[in-house]
Protein chains: 2
Amino acid sequence: MTSQDVILGMLMLRSCSGYDLKMRFEAVFSYFFDASYGTIYPTLAKLEKDGLITKESVAQEGKPNKNVYSITERGRAAFESYLNSDIQNDAIKSDYLVRLFFGEMVDPAVLIGWLEKGIEKTERQAAKLQADYERWEAGMSPSQRICIEIGISNYTSRLEVLRRGLARLKEALEKE
Amino acid sequence: MTSQDVILGMLMLRSCSGYDLKMRFEAVFSYFFDASYGTIYPTLAKLEKDGLITKESVAQEGKPNKNVYSITERGRAAFESYLNSDIQNDAIKSDYLVRLFFGEMVDPAVLIGWLEKGIEKTERQAAKLQADYERWEAGMSPSQRICIEIGISNYTSRLEVLRRGLARLKEALEKE
DNA sequence: TACAGCATGTAACTTGTTACATGATTCG
DNA sequence: CGAATCATGTAACAAGTTACATGCTGTA
């Protein structure tokens, strides 16, 4: 899976500008994919050059013009071929869990701070995803629902573990 | 967080060869970090050149020699400085969830196959991590326990969602 | 003898990030 | 007027992957 595949997939669902794509990635994909403008725009240019998508300049009221891209037949075929390729392993780089792993090397107060910050952040992420789910659920396909439920359950289960862990740590500290 | 930081962290815990590091990453880190030999060996070479670690060749019985690396004072300082830097956001690239997101575009039988494969794989991952936990728990720090519990709860919660989702899909298919 | 595990490394390549650069429009 | 949002793009750089290359030892 490359950014190219994901962009083609989004354009299968509907035509988008580069800016639209970024917004959508942040809204729906945040917990399993991300692409920066530095990836999106060059990829769109390449895709157009290769004839997998076409560009159309669209004027807007009260906003700058935007370049809306649509998928072509060749683009559909390329996406089809991605869907039939082997599924790659998840690639996860979690700085947060790496820190926790080495948490014995910092002052307990620092570690507790990490846990508290982690809990707050995860709460925000879970709430946002939950809200997105409730808002968009009606228009989602069954597999999209599974997708977003995995995201939510990930956050909520992480939250439980963090809270329990924090309580355990504080208890141990007070006993000393 | 770069591979360099994580390698320094591992060498804070104990001296290792490149091969050892790879084994450890696979055993304990698999759900939040990974590095290939193509990353590990060049990084070790650079770290040694920069004076953050030292190399010692160790002969072994029945096995090839290995280069065991140990962290230096400068290396400790570098790792310390990583521990005090801002925590970066998790970076997750999940081809599996991307496929699910676009699951409406494939035949329902294919989608069901993806879910079944996903369930089997997640079961294996959860079982492996659980076994690792039981085996190493005694020697783990409190924060390492939180870390591995997050991994396990991630897998188990994903499993539940996948199973429920699969059941829902099958039900919907039979009604037609 | 062939395969699996142990062990180290390189080089070309792909990918993506960060920072920079620009500019229109709306709202307070 | 300044900040925020909408909108597009580039260039230098960092990072990591993949495939290749080598060679030992133990076991079936």
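Heavy atoms only: backbone and side chains are in, while hydrogens, waters and symmetry mates are out. Throughout, protein chains are lettered first and strands after them, A, B, ... in sequence-line order, and every chain is numbered starting at 1. Note that this is a predicted model, so its numbers are computed, not measured.
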Please state whether the phosphate of C:dT15, meaning OP1 or OP2, lies under 4.0 angstrom from any side-chain nitrogen or oxygen of A:Thr39. no
Under 4.0 Å, counting only non-hydrogen atoms across every strand here, what does B:Gly38 touch: a base, just sugar-phosphate, or nothing? base
Tell me the interatomic distance from B:Leu21, atom CG, to C:dA7, atom P, rounded to whole angstroms. 12 Å
Any side-chain N or O of B:Ser3 under 4.0 Å from OP1/OP2 of D:dA15? no
Could you work out which one of D:dA7, C:dT10, D:dG23 sits closest to the side chain of A:Gln60? D:dA7
If you only use heavy atoms from C-beta on, which nucleotide in C:dT15, C:dT8, D:dT8 is closest to the side chain of A:Lys66? D:dT8
Checking all strands, does A:Phe33 fall into the base, sugar-phosphate, or nothing category for heavy-atom contacts under 4.0 angstrom? nothing
Nearest whole angstrom, please: distance from the C1' of D:dG9 to the NZ of A:Lys46. 18 Å
From D:dG9, D:dA7, C:dC6, nucleotide with atom closest to A:Tyr19 side chain: D:dA7
Is the distance between the ring centroids of B:Phe102 and A:Tyr82 under 6.0 Å? no
Between A:Tyr37 (OH) and C:dT17 (P), how many Å, whole number? 13 Å
Taking the basic N atoms (NZ, or NE/NH1/NH2) and the acidic carboxylate oxygens, is any pair closer than 4.0 Å for B:Lys170 and B:Glu174? no
Please determine whether a side-chain nitrogen or oxygen atom of B:Asn67 lies at a distance below 4.0 Å from atom OP1 or OP2 of C:dG9. yes
At under 4.0 Å, does any side-chain N or O of A:Thr2 touch on OP1 or OP2 of C:dT15? no
What nucleotide among D:dG9, C:dT8, C:dT18 has an atom nearest to a side-chain atom of A:Ser36? C:dT18
Could you tell me whether A:Gly18 contacts a base, only the sugar-phosphate backbone, or nothing, with contacts defined as non-hydrogen atoms closer than 4.0 Å? sugar-phosphate
Can you check whether B:Phe29 and A:Phe101 have ring centres sitting under 6.0 Å from each other? yes
Check the distance between C:dT15's P and A:Ile7's CD1 and give it to me in whole angstrom. 12 Å
Given C:dT8, C:dG9, D:dT8, identify the nucleotide with an atom nearest to the side chain of A:Tyr41. D:dT8
Using the rule that two of Ile, Leu, Val, Met, Phe, Trp, Tyr join whenever any of their side-chain heavy atoms come within less than 4.5 Å, decide whether B:Tyr96 and B:Phe32 are in one cluster. no
